[in-house]
There are 2 protein chains.
Amino acid sequence: MAIELSNEQLFLHVVEAGSFKAAAEQLGIDPSLVSRRIVSLEQRLNVKLMTRSTKRSYPTEAGEQYYQGLRKLLDEQQALESQISQTNEIPSGKLRVAAPHDFARQFVLPVLTQMNELYASLSIELTLSSQYEDLIGQGIDVAIRVGELPDSSLRSKKLGEVRRVLVASSAYLMRKGVPTDITMLSEHDFIFYSGAQAQKPIEIGAKSVKVQGRFIVNSVSALRDLVLQGQGIHLGPKWAFNEALASGDVVQLFKDQPLKGFPLHALYPCRAFVPAKVRVFIDTLYAQCQQQGLG
Amino acid sequence: MAIELSNEQLFLHVVEAGSFKAAAEQLGIDPSLVSRRIVSLEQRLNVKLMTRSTKRSYPTEAGEQYYQGLRKLLDEQQALESQISQTNEIPSGKLRVAAPHDFARQFVLPVLTQMNELYASLSIELTLSSQYEDLIGQGIDVAIRVGELPDSSLRSKKLGEVRRVLVASSAYLMRKGVPTDITMLSEHDFIFYSGAQAQKPIEIGAKSVKVQGRFIVNSVSALRDLVLQGQGIHLGPKWAFNEALASGDVVQLFKDQPLKGFPLHALYPCRAFVPAKVRVFIDTLYAQCQQQGLG
DNA sequence: ACACTTATTGCATTTTTTGCATTTAATAAA
DNA sequence: TTTATTAAATGCAAAAAATGCAATAAGTGT
């Protein structure tokens with residue numbers, strides 16, 4: 001069986017498969033061929049790319065660098081070729097997404113599972129994290145970010161606006177009383193999401209009020225649990241509380257007063273040709289966000 | 001003789017050589033081989049890349065797109081490989097520079113001739129123009145820009161600051177009188193460079209004065225000729241008048257008053273790995289600018 | 001229409017690629 | 001330390017491809 005891959009593409013497979021043999025099996029070729037071609041690549045570059053061992057073969061430092069760079073370049077080349085050959089580009093290869101945990105569960109996962117079903121030759125790696133500042137450039141294709149954008153040399157597409165709500169459980173309000181004026185908030189127990197916004201004064205309309213609380217948690221779902229348990233008032237993303245609001249478990253305070261929302265962005269590397277997998281993912285996620293009320 | 005080029009690289013050669021035969025001769029291979037490999041590439045992409053003819057063969061529209069994209073990607077891959085293999089990267093391939101005419105003659109050309117002598121496998125294409133807004137992305141590797149940067153998705157490196165001087169010939173001043181106060185400038189004949197700055201009030205120190213004139217020219221050297229011929233006062237880049245000032249043909253007015261300069265930038269596409277040819281060019285040009293008093 | 005140049009095709013040859021069987025090397029268990 | 005196990009490298013022969021030469025076809029300019 002002939003091989004239709006270049007040595008460089010084969011190298012990517014080997015790194016991702018974790019061993020020469022695994023790569024050979026996935027591609028239906030002889031392991032010796034994999035070995036020979038990697039050696040040939042190493043000789044051309046005059047650098048050892050893989051550290052061989054029985055259990056697993058790892059890329060060397062140079063190999064890791066080469067892998068990261070090549071993956072982008074070859075993805076981009078594929079995008080270019082799809083474009084010029086007027087082929088409907090089909091997402092393929094490995095799509096690596098980084099997103100905040102709770103947002104991802106609600107918005108990203110459905111998109112990824114849909115893409116997974118739709119495109120047979122696509123594999124997916126989802127990194128859930130709240131700390132992925134500089135993950136791009138380390139192999140992440142798309143990162144989702146809530147809040148103002150930092151500088152960065154990345155491209156961005158605005159997916160929508162995260163509206164925020166001030167919520168508390170009816171049990172809590174029963175116990176502590178319903179604040180009828182914004183200034184009354186300072187007398188209440190607050191629950192904060194960690195990060196820049198935590199413990200900052202809350203701005204509602206033109207007014208600003210300093211609030212207090214003892215819980216700071218970096219998980220939206222954990223915060224929702226705390227709210228439902230009546231631990232206090234929380235200023236959080238509307239999407240996380242839609243259900244609880246509908247069921248009446250949670251009450252929205254100052255419903256008619258405007259609260260500043262957060263912009264929501266997809267960040268991806270700046271390149272001339274954006275691979276289909278990235279484009280389709282962002283487009284689908286955008287549609288998803290619009291549809292679910294993050295317009 | 002074996003060929004060490006991929007079909008894609010060969011395609012770049014063919015486009016640049018202008019015909020299959022020329023490419024074959026440059027590479028020391030048979031023209032039939034060139035033909036076959038281009039056909040093979042066309043079949044893989046399912047698109048006709050070249051329009052064949054006897055005298056010259058041109059890329060089709062798809063071919064042109066593919067050429068532009070590939071050139072960048074392969075340059076970048078080469079930069080990546082040089083980096084990981086710790087090879088001192090040697091500038092090679094085609095370096096395409098766009099720069100304003102007169103600035104290029106004084107600053108860019110020396111750098112390019114030096115690079116041309118230093119690097120045997122480098123070829124150079126210099127586009128002299130004052131209108132090259134969006135040339136990058138159309139095959140230009142580096143563009144030089146005087147003045148404030150527009151937005152753009154390009155990377156930039158500040159090369160220096162173009163200091164400006166207010167100059168006139170002694171003959172002109174003899175005839176029209178030497179302005180001793182800034183407000184007196186409004187009574188003089190001015191010569192303008194075309195563009196945004198033309199005919200705008202001149203700001204010297206804290207003062208601003210509206211000036212008049214009938215010449216607007218988009219050439220620094222032509223403007224210098226006009227100044228030398230005593231046609232009027234000109235606010236122009238200092239570097240263009242250094243010689244004339246030293247020889248006394250031209251007199252600098254309000255020498256001790258600060259005049260706002262223009263920033264000078266090199267713009268180049270945003271990519272993960274900047275090819276050696278681009279890096280070396282910018283670095284050398286930077287040194288050149290610093291040395292010639294554009295710090 | 002003719003001369004001339006370039007691209008393409010047929011074919012024989014050389015070179016490279018590939019898989020199988022085997023050897024070598026490395027890790028893990030006894 | 002020895003042994004069992006698994007992966008990577010190597011020798012070799014078969015298969016596939018890449019290549020150059022010579023001949024043909026196609027396009028350009030006179």
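So you know, we letter chains A, B, ... as the sequences are listed, proteins then strands, and number each from 1. Values below: every heavy atom of this structure, side chains too, minus hydrogens, waters and symmetry copies. Predicted model only: the values in this text are computed from it and were never measured.
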Decide yes or no for A:F103 and A:L264: does some side-chain heavy atom of the first lie under 4.5 Å from some side-chain heavy atom of the second? yes

Once you round it to whole Å, what is the distance between C1' of C:dA26 and CE of A:M50? 15 Å

Spacing of A:N7 atom CG relative to C:dT18 atom P, expressed in whole Å: 9 Å

Closest heavy-atom pair, B:V108 versus B:A99, reported as atoms and distance to 0.1 Å, is CG2-CB, 4.1 Å

For C:dT8, does either OP1 or OP2 sit under 4.0 Å from a side-chain N or O belonging to B:S35? yes

Measure the distance from CG on B:L41 to P on D:dA17 and round it to the nearest whole Å. 17 Å

Please state whether the phosphate of D:dA8, meaning OP1 or OP2, lies under 4.0 angstrom from any side-chain nitrogen or oxygen of A:S53. no

Which residue, B:A22 or A:D30, contacts DNA chain C at a nucleotide closer to its 5' end, judged by nearest heavy atom? B:A22

Integer-rounded Å distance: C:dT8 P and B:I29 CD1: 13 Å

B:L49 CG to C:dA7 P: how many Å, rounded? 15 Å

Counting only side-chain N and O atoms of A:K21, is one of them less than 4.0 Å from OP1 or OP2 of D:dA7? yes

Name the closest nucleotide to the A:R37 side chain, picking from D:dT19, C:dT18, C:dT8. C:dT18

Would you mind listing every side-chain hydrogen bond (donor to acceptor under 3.5 Å, both in side chains) that reaches into residues 271-288 of chain B, with sequence neighbours excluded? B:D75-B:K277, B:E89-B:R279

Distance check: side-chain N/O of B:S57 vs OP1/OP2 of C:dA7, anything under 4.0 Å? yes

Roughly, in whole Å, what's the span from CG in B:L33 to P in C:dT13? 19 Å

For C:dT16, does either OP1 or OP2 sit under 4.0 Å from a side-chain N or O belonging to A:R36? no

Taking every non-hydrogen atom, the tightest pair across B:V15 and B:M50: CG2-SD, 4.0 Å

Salt bridge check, B:D141 against B:R71: does any charged N sit closer than 4.0 Å to a carboxylate O? yes

Rounded to whole Å, how long is the line connecting atom CD1 of B:I38 with atom P of C:dT6? 17 Å

Considering heavy-atom distances to DNA chain C, does A:R52 or B:S32 have its closest nucleotide positioned more toward the 5' end? B:S32

Which whole-number value in Å describes the distance from A:F20 CZ to C:dA26 C1'? 14 Å

